[in-house]
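Everything below concerns the one structure shown next.
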Amino acid sequence: MNNKVRVRFAPSPTGNLHIGGARTALFNWLFARHNGGSFILRIDDTDLARSTEESTRGILSALRWLGIDWDEGPVVGGPYGPYFQSQRLDIYKEMAQKLIDQGKAYYCYCTPEELAQRRKEAMASGKAPKYDGRCRELSLQERKRKEAEGCKPAIRLRIPDSGETVVNDLFRGDVVFSNDVLDDFIIIKSNGMPVYNFACVVDDALMRISHIIRAEEHLSNTPRQVLVYQALGYQLPVFAHVSMILAPDRSKLSKRHGATSVEEFRDSGYLPEALVNYLALLGWAPEGEDEIFSLPELVNQFILDRVGKTAAIYDIKKLTWMNGHYLNQEDLDLIVELVIPYFQRKNLISEDPSQKEMDYLRKVVEAVRTRVKTLAEVADAAEYFYVDDFSYDEKGVRKHFRKENAAEYLAKAKERLAALSDFTLETTEAAYRELSEELGIKAGEIIHPTRLAISGRTMGPGLFDIMVILGKEKTLERMERAIQYIKNLS
RNA sequence: GGCCCGUUAGUCAAGUGGUCUAAGACACCGGCCUUUCACGCCGGCAACAGGGGUUCGAAUCCCCUACGGGUCACCA
């Protein structure tokens, strides 16, 4: 059972779950599920200043929403806990102490201000901003003196001055770093908190993580981590650095590029199925030509061999297309449920919709959903089913209302409809067909003005669908309103 | 700036020395369907960053250049 697949996703709770993070989580999760391994969630919250509980909650809920569950981690616990780094401080201290005892790490009394100053100077003179190792060989007396001055030390890892550190990356092969580009980096801050490169390794090792699948931005940090593994005497995991997701202008994805977090996509009406499907395709390629996959299908197909190494620019248009696909494929009742808050936000339905409202909503959603791509757009496209005093599309007015006989045709059509005892798809359409034939005009000549009259728009669901959903009374009212409107046109 | 990674159409991508006069998807354009729009279906446009090698043969291997990204914190 030693070679069991154990992977982790270790976000720092300093904000929303970014789509890059979501993809990393997804790849890890898919890899675990495909191989019958474990997916562990760990919260890397050692940055006291930026970590928040709210963010942790948000990340957990975003993962759940995507359909990503975890075998060990917050809420569910597990045999290698705790799964919050802030609760593992003793472990890091113990490990660091061990390294100090072995002479592999040492106390450093330089202050952040001094270091920043030296870094600035080094940069200015064009040199690499490396720590100069001045606290490496402090004598006991010197240390005592510093501490007497009230100086709280940080702990640095002593790394080899020469030689090289090799990172074997699953996707890129051996990546070699010369040790002289590295320096003795801090593993425990003066406030006692561990630094990422240290805590991460301690936890990954203790949690028996077998494969580290994470974003490429960590590749340059990996030699440092390898050094920690070696100092601690742990076996190295398999590293697999997935390329990054970039914004359309090839820069790092940020707020100014629109939605970047799972929460934002969720709120703007994207479905988890679509987001997951799309994200999976960013960096991973399925074997065949299909691109539409459910989560179980992805689990079945996902292998690391088919993950690429080139950075991907995310394309909101394809995501949106995919969302439209799922919006239409999903069970209608499910979509109706999901769409409720969007209708409520626009005050189209009440806070606690009655059965009657729900029945009406169902019809509206059914008529409208094939034409739009997000849940929010469903509500936008449905507005005239709820609001009577809409304005008429300007182009439409020019095209359909300013015609010679517009008012007359509408009046005639209204008359026919009024005479119907049964107001159905069949009877309304038959009425229109007959009328157009009698008038010797194409059905479109009355259909288009009618659409504009009862919806204010020139496009949308089939005209007779709209009529039937609205009902006879509203249809006639709206036609009358349009007739008056046309008469007042000069 | 040093180091590291990457570079197939506008975008995602297949492709692991010959089957590539380079797949598929989104977008875009055209057509069909149709009362409109969308869906769907059919078709089209469009790419191996540049230059040197290696080889009988290179998108695939090597080198250089260019461009892009990452990293060099008492952030993760």
Side-chain angles (χ1 to χ4, degrees), chain A residues 10-14 44-47 49-51 85 108 110-112 115-116 119 123 126-130 152-156 167 169 171-172 175-178 180-183 185-197 199-200 215-224 241 243-244 246 248 250-252 278 281-292 306 308-322 324-325 328 368-373 381 396 400 429 432-433 436 442-448 450-452 455 457-464:
Chain A
S12 68
T14 54
D44 284 7
D45 56 352
T46 53
D47 185 348
R50 296 196 303 148
S51 296
Q85 289 193 325
C108 171
C110 302
T111 66
L115 293 165
R119 190 174 313 119
M123 291 285 239
K127 283 193 294 197
K130 273 176 59 171
K152 287 274 187 201
I155 300 177
R156 285 181 188 270
V167 175
D169 183 83
F171 302 130
R172 292 157 229 275
V175 182
V176 180
F177 296 83
S178 172
D180 55 41
V181 305
L182 273 18
D183 62 2
F185 57 95
I186 289 173
I187 58 178
I188 302 282
K189 305 178 204 173
S190 54
N191 68 1
M193 294 299 279
V195 157
Y196 171 74
N197 283 321
C200 165
E216 191 186 353
E217 59 187 316
H218 292 287
L219 182 56
S220 298
N221 270 319
T222 308
R224 276 173 256 275
H241 290 94
S243 60
M244 314 221 10
L246 269 23
R250 298 204 77 76
S251 68
K252 199 167 180 172
Y278 178 71
L281 259 21
L282 234 44
W284 169 81
E287 194 144 358
E289 288 184 350
D290 286 350
E291 295 202 331
I292 300 293
R306 297 194 65 85
K309 50 185 168 183
T310 73
I313 295 171
Y314 101 103
D315 180 15
I316 185 91
K317 283 192 173 164
K318 185 158 181 177
L319 201 212
T320 303
W321 164 79
M322 209 166 247
H325 172 85
N328 279 293
V368 145
R369 72 160 163 174
T370 61
R371 271 151 265 263
V372 296
K373 306 235 187 292
H400 305 300
E429 175 152 16
Y432 266 59
R433 299 286 171 205
S436 69
K442 285 204 275 189
E445 303 250 5
I446 37 180
I447 285 174
H448 294 308
T450 306
R451 173 191 303 286
L452 187 61
S455 75
R457 307 189 189 188
T458 57
M459 36 177 255
L463 176 68
F464 307 110

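Note that the coordinates shown come from a computational prediction; the quantities given were computed from them, not determined experimentally. In the text below, chain A, chain B and the rest are named by the order of the sequence lines, each starting its count at 1.
- Taking atom C1' on both B:G52 and B:A58, the two are 14 Å apart, rounded to the nearest angstrom.
- Among the protein residues, A:Gly324 comes within range of no part of the nucleic acid, since none of its heavy atoms lies under 4.0 Å from any strand.
- Base contact: A:Cys110 has a heavy atom under 4.0 Å from a base atom.
- B:G53 and B:U60 are spaced 15 Å apart, taking the C1' atom of each and rounding to whole Å.
- Contact between the side-chain N/O atoms of A:Arg119 and the OP1/OP2 oxygens of B:A73 is found at a separation under 4.0 Å.
- Side chains of A:Tyr432 and A:Thr450: a donor on one and an acceptor on the other come within 3.5 Å.
- If you take atom C1' in B:A9 and the same atom in B:C63, they sit 28 Å apart, rounded to whole Å.
- Checking side-chain atoms of A:Arg172 against main-chain N and O of A:His241 turns up a donor-acceptor pair under 3.5 Å.
- Pairing for B:C12 is with B:G24, a Watson-Crick or G-U wobble pair whose two hydrogen-bonding atom distances lie under 3.5 Å.
- Between A:Arg224 and the phosphate of B:C72, there is no side-chain N or O to OP1/OP2 separation shorter than 4.0 Å.
- Base-pair partner of B:U55: not found among the strands shown (Watson-Crick or G-U wobble, both distances under 3.5 Å).
- Comparing B:A23 with B:G31, their C1' atoms sit 24 Å apart, to the nearest whole Å.
- In this structure, A:Leu182 reaches neither bases nor backbone, as no heavy-atom distance under 4.0 Å exists between it and the strands shown.
- Between B:A14 and B:C67, the distance separating the two P atoms is 27 Å to the nearest Å.
- For the pair A:Lys317 NZ and B:G10 C1', the computed distance is 9 Å after rounding to whole Å.
- One distance of note links OG1 of A:Thr458 with CG of A:Leu452; it measures 7.5 Å at 0.5 Å rounding.
- If you take CD1 of A:Ile313 and P of B:G70, they are 12 Å apart, rounded to a whole angstrom.
- The partner of B:U35 cannot be assigned: no Watson-Crick or G-U wobble pair with both contacts below 3.5 Å exists in any strand.
- Residue A:Ser178 places none of its side-chain N or O atoms closer than 4.0 Å to OP1 or OP2 of B:C3.
- Taking atom C1' on both nucleotides, B:A47 is separated from B:A27 by 15 Å, rounded to a whole Å.
- Side-chain N/O atoms of A:Lys309 include none lying less than 4.0 angstrom from OP1 or OP2 on B:C4.
- Here the nucleotide nearest the side chain of A:Ala154, chosen from B:C74, B:U71, B:A38, is B:C74.
- The aromatic ring centres of A:His325 and A:Tyr278 sit 6.0 Å or more apart.
- When Watson-Crick and G-U wobble pairs are counted only if both distances are under 3.5 Å, B:G43 pairs with B:C29.
- Residue A:Thr46 is classed as a sugar-phosphate contact, given heavy-atom separations below 4.0 Å to backbone atoms only.
- In this entry the distance linking NE2 of A:His325 with P of B:A38 reads 19 Å, nearest Å.
- Partner assigned to B:U71 is B:G2, using Watson-Crick or G-U wobble distances below 3.5 angstrom.
- Here the separation of B:G43 from B:C48, taken at their P atoms, is 25 Å to the nearest Å.
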